[in-house]
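To keep things clear, I will list the structure first and then write my remarks on it.
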Amino acid sequence: MTTPTPRIEYTIGHEDPPQGLTWLDDAGDVIDLTGHTFTLRIGTPGRPADHTKTSGITGAAAAPNVVIEWSTD
């Protein structure tokens, strides 16, 4: 059985709170992502990204271990 891809939905023009994600290892433990860098790409699978975000994404040792913050612009 394939695990579904998690989806995060935002509405353009709305001020939404930061979105937290929790990534787990194979044992079900939270992965320590402190100090890691991230790239978020938004778009359609198989096509170039419509948007790429590399700032405002923070890793942590506890859940949620990835927090994505969006600027109002």
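Scope of the values below: all heavy atoms of this structure, side chains included, with no hydrogens, waters or symmetry mates. For the single chain, residues carry numbers from 1 onward in sequence order. What you see is a predicted model, and the numbers here were worked out from it, not measured in a lab.
I31 CD1 to T22 OG1: the interatomic distance, rounded to the nearest 0.5 Å, is 10.5 Å. Note that CZ of R47 is 16.0 Å distant from CZ of R41, once rounded to the nearest 0.5 Å.
Minimum heavy-atom separation, I57 to K53: CD1-O, 3.6 Å. Residues P64 and A60 approach most closely at O-CB, 4.1 Å, considering heavy atoms.
By the 4.5 Å heavy-atom criterion applied to side chains, L24 and V30 are counted as neighbours.
Without hydrogens or angle criteria, N65 side chain to G59 main chain gives no donor-acceptor distance under 3.5 Å.
Contacts of I42 classified as side-chain contact (heavy atoms from CB on, under 4.5 Å), with partners at least two apart in sequence or in another chain: L40, H51, W70.
The hydrophobic side chain of V67 is isolated, with no ILVMFWY side chain under 4.5 Å apart from it.
For the side chain to side chain contact (heavy atoms under 4.5 Å, CB included) criterion with F38, the lone passing option out of L33, T58, I68 is L33.
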